[in-house]
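To keep things clear, I will list the structure first and then write my remarks on it.
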There are 2 protein chains.
Amino acid sequence: MKSGANGYRRGAAGASMPNPPNAPVRLKDIAQDLNVSVMTVSKVVRGCADVGAQTRSRVLARIKELNYQPNWVARSLAARRTFIVGLVVPDLMNTFFAEIAKGVASAMRPLGYDVVICNSEEDASLEASEIERLLARQVDGLILASVQPPDAEEIFAKIEARGVPYVLVDRRVSRPSAPYVGADDEAIGRLATEHLIERGCRRIAHIAGPHHPAGVGRLKGYREALAAAGLKAVEEYVERAADDATGYQAARRLLSLDPVPDAIFGYNDPAAAGAMKAILEAGYRIPEQIKVVGAGNMHYSDLLRVPLSTVDQRSTGIGEQAAGILAKAITSKRRRAGGAILIEPTLVIRESSGGPLKST
Amino acid sequence: MKSGANGYRRGAAGASMPNPPNAPVRLKDIAQDLNVSVMTVSKVVRGCADVGAQTRSRVLARIKELNYQPNWVARSLAARRTFIVGLVVPDLMNTFFAEIAKGVASAMRPLGYDVVICNSEEDASLEASEIERLLARQVDGLILASVQPPDAEEIFAKIEARGVPYVLVDRRVSRPSAPYVGADDEAIGRLATEHLIERGCRRIAHIAGPHHPAGVGRLKGYREALAAAGLKAVEEYVERAADDATGYQAARRLLSLDPVPDAIFGYNDPAAAGAMKAILEAGYRIPEQIKVVGAGNMHYSDLLRVPLSTVDQRSTGIGEQAAGILAKAITSKRRRAGGAILIEPTLVIRESSGGPLKST
DNA sequence: GAGCGAAATGAAAGGGCTTTCATCGGCGGG
DNA sequence: CCCGCCGATGAAAGCCCTTTCATTTCGCTC
């Protein structure tokens, strides 16, 4: 019963079943139709130069006619490139990251790459597993806004061992060698805090992020600015949060302190927005009694309860630039993009810190 | 020079180069190490039952030791399944869709599927090309919040021709046979409009969406509600928009009309949020002079300038349910999920329409 | 101790494409 | 008139894994 072993797809006979109706068209089908080799068709599909003009047009015609679509899985396997890049962000609900995703996708598309977006939900282990899946899927490159705690070498070692180029965005994990696109977090922290100091605040609280570089860096900048202004850093004035819900909670705790803060700097906009909700609920006025500043300039920040002052980091640009760097790294031999692109953070002053002109 | 044809990867000699340092570990490497067949290793990896306990543990040990990761591209080709499903949404910046994405991903992950999220940016042709790429990538299924105008049969015909199961979410394209998860758009339109009528509004304007089912349906519901209440439908009171920026513009036009509307129903929350910005800028008070209602209950709606009344559609649930249906369709023989799941829309009353209790 | 079925293993044949390299025919130059 | 070269075409060998089905080896039953 040897013939039984023949195999899958097409009936039973041999290698020549013409076109079992429902199966997608393959290179081979076209080649047989036209009495040319699979190679020739493949070359036409890929736009190789060494195909006769006449042959080419015959093939092209048939391709259109049969509506041939290359099978990218097979192509990826053979070519050892998938033309997929992975993007891992911690929170898609924060439009700051959605915007980065948009930037990445729109920069990658014209280069022929698809972007697979993953949401790690600020969960380091979920993130790790997402990255592993992406690697298993043989992505050509990775863009990461990482959740990883500063000491998590392992994942990056794995990526590097695989030789997959990657770019860090927004969160600069402790890999000085890795390419990075984003703002200087300490500068962000300083900028926001200095602004509040200028506006006359003296009891400035901070809702810090989780223990990733962005959180840590902004906290540091905040402390530096306080120190530079000769203000005492009150330990109780620093809370932790990750998004609007936790920011709300954090702010409630801050509001229960005895000398109530006269300003809150949220490490990102959702946290600051949540804080504003808590502040208003507690009956304080923004900005008269308590001023608020966020960071990220997320899409809805100026539509919020009180339009939110924030530190802009040009999120779409981050995505595009990261994409550019990654594309270059993928193509180059060295497969390691270099250096960091530090985005100059800029203050966007809205009502939550007293508005553009008057100073308190 | 026959030997030159030998091929790629591993040096030159034969099929037995042991382990060219930098290449990823393959099934074959493990098999050779252990003197078993590739098959056996493959079975262990996939958790097949018919492997001896001892062999299994030897293999497992080696897998861990060498840190073997299956190559999903090869696996997908051989198994003719990718374990990838595609999700196409019109606007990731609208957290309503980000939430759906989250729901889909979290429901699919435990089933072993990865989700590829695509943002069509409300652009029908971009959407079409994204869907084609997903098909070319051999996705196992598709979840679509489609931008397509009602007459765009072509794409769906293509999907069906490929035999790829799909589920529609939030936007019910005119394919009565296709499975759908989302709210009844006319009900949404009615609910919002009736609420505004109850609150005493008589000149209710509507910022309608683009010409997709969600936009059309909600507009229809709005008109029905007006008619039912005996209110005249003023044609100038209907504007078009897609997001907060265009919603802002639309509202400005509405505010320039002579009898200024006393209410605006935005077909989605971003549009309504943009409208609120325009209204406040023009010096009107919300809700005293103009009331506003949106739809979708997006993540930041209650943090907005004036907390936004809206029609909730349980976005996370939509994603999860769609994922469930799709997974079933993928597994089943028929490959076509059935029926629609209509989510009961519910009103969420916040300040923008006068708050929960008092009735204007 | 022959016969049976189950358990464990593996051989062979692809999946649809690309890669490398050989071949073929025809042209101009020597 | 033969050589070598070029453009055009194709043959063969993979990419790494799964599928189908055959084989081998046991332990049992009767």
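Letters go in sequence order (proteins before strands), and every chain restarts at 1.
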Under-4.0 Å side-chain N/O to phosphate OP1/OP2 contact, [X] with [N]:
X      : N       : value
S42(B) : dT18(D) : yes
Y68(B) : dC16(D) : no
R80(B) : dG15(C) : no
R46(A) : dT18(C) : yes

Quiz item: Among all residues two or more places apart in sequence or in another chain, which pass the salt bridge (charged side-chain N to carboxylate O under 4.0 Å, His left out) test with E122(B)?
Solution: R171(B)

Practice problem: List for me each residue that meets salt bridge (charged side-chain N to carboxylate O under 4.0 Å, His left out) alongside K102(B), sequence neighbours excluded, and say none if there are none. | Solution: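 Not a single residue meets the salt bridge (charged side-chain N to carboxylate O under 4.0 Å, His left out) criterion with K102(B).
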
Quiz item: Is the shortest distance from a Lys or Arg side-chain nitrogen in E153(A) or K158(A) to a carboxylate oxygen in the other one below 4.0 Å?
Solution: no

Quiz item: Quick one: do E132(B) and R137(B) make a salt bridge, cutoff under 4.0 Å?
Solution: no

Quiz item: Hey, are S42(A) and R46(A) close enough side-chain-wise for a donor-acceptor pair under 3.5 Å?
Solution: yes

Whole angstroms only, please: what is the [atom1]-[atom2] distance between [X] and [N]?
X       : N       : atom1 : atom2 : result
R162(B) : dG16(C) : CZ    : P     : 11 Å
L77(B)  : dT19(D) : CG    : P     : 12 Å
N71(B)  : dC15(D) : CG    : C1'   : 8 Å
Q138(B) : dC17(C) : CD    : C1'   : 11 Å
Q32(B)  : dC16(D) : CD    : P     : 12 Å
R75(A)  : dC16(D) : CZ    : C1'   : 19 Å
L27(A)  : dT9(D)  : CG    : P     : 16 Å
R81(B)  : dC16(D) : CZ    : C1'   : 19 Å

Self-check item: Pairing residues for T316(A) by the side chain to side chain donor-acceptor pair (under 3.5 Å) criterion, not counting sequence neighbours
Solution: none

Quiz item: Of all residues at least two apart in sequence or in a different chain, which pass the side chain to side chain donor-acceptor pair (under 3.5 Å) check with E127(B)?
Solution: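 E127(B) satisfies side chain to side chain donor-acceptor pair (under 3.5 Å) with S146(B), Q148(B) once adjacent residues are dropped.
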
Quiz prompt | Closest non-hydrogen atom pair, D29(A) against P24(A) | solution = OD2-O, 4.0 Å

Quiz item: What does the inter-axis angle of the helix from dG1(C)-dC30(D) to dG30(C)-dC1(D) come out as, five pairs per end, nearest 10 degrees?
Solution: 50°

Self-check item: Closest-nucleotide ordering on DNA chain C, the 5'-leading residue of V73(B) and A79(A)
Solution: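 Nearest nucleotide further toward 5': that of V73(B).
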
Self-check item: Row check, F83(A) ring normal vs R81(A) NZ/CZ: under 6.0 Å, within 45°
Solution: yes

What does the list of N/O pairs under 3.5 Å between the protein and nucleotides 9-11 of chain C look like, with a distance for each?
unit_1	atom_1	unit_2	atom_2	d
dT9(C)	OP1	T55(B)	OG1	2.8
dT9(C)	OP2	G52(B)	N	2.7
dT9(C)	OP2	T55(B)	OG1	3.3
dG10(C)	OP2	S37(B)	N	2.9
dG10(C)	OP2	S37(B)	OG	3.4
dG10(C)	OP2	T40(B)	OG1	2.7
dG10(C)	O6	K43(B)	NZ	3.1

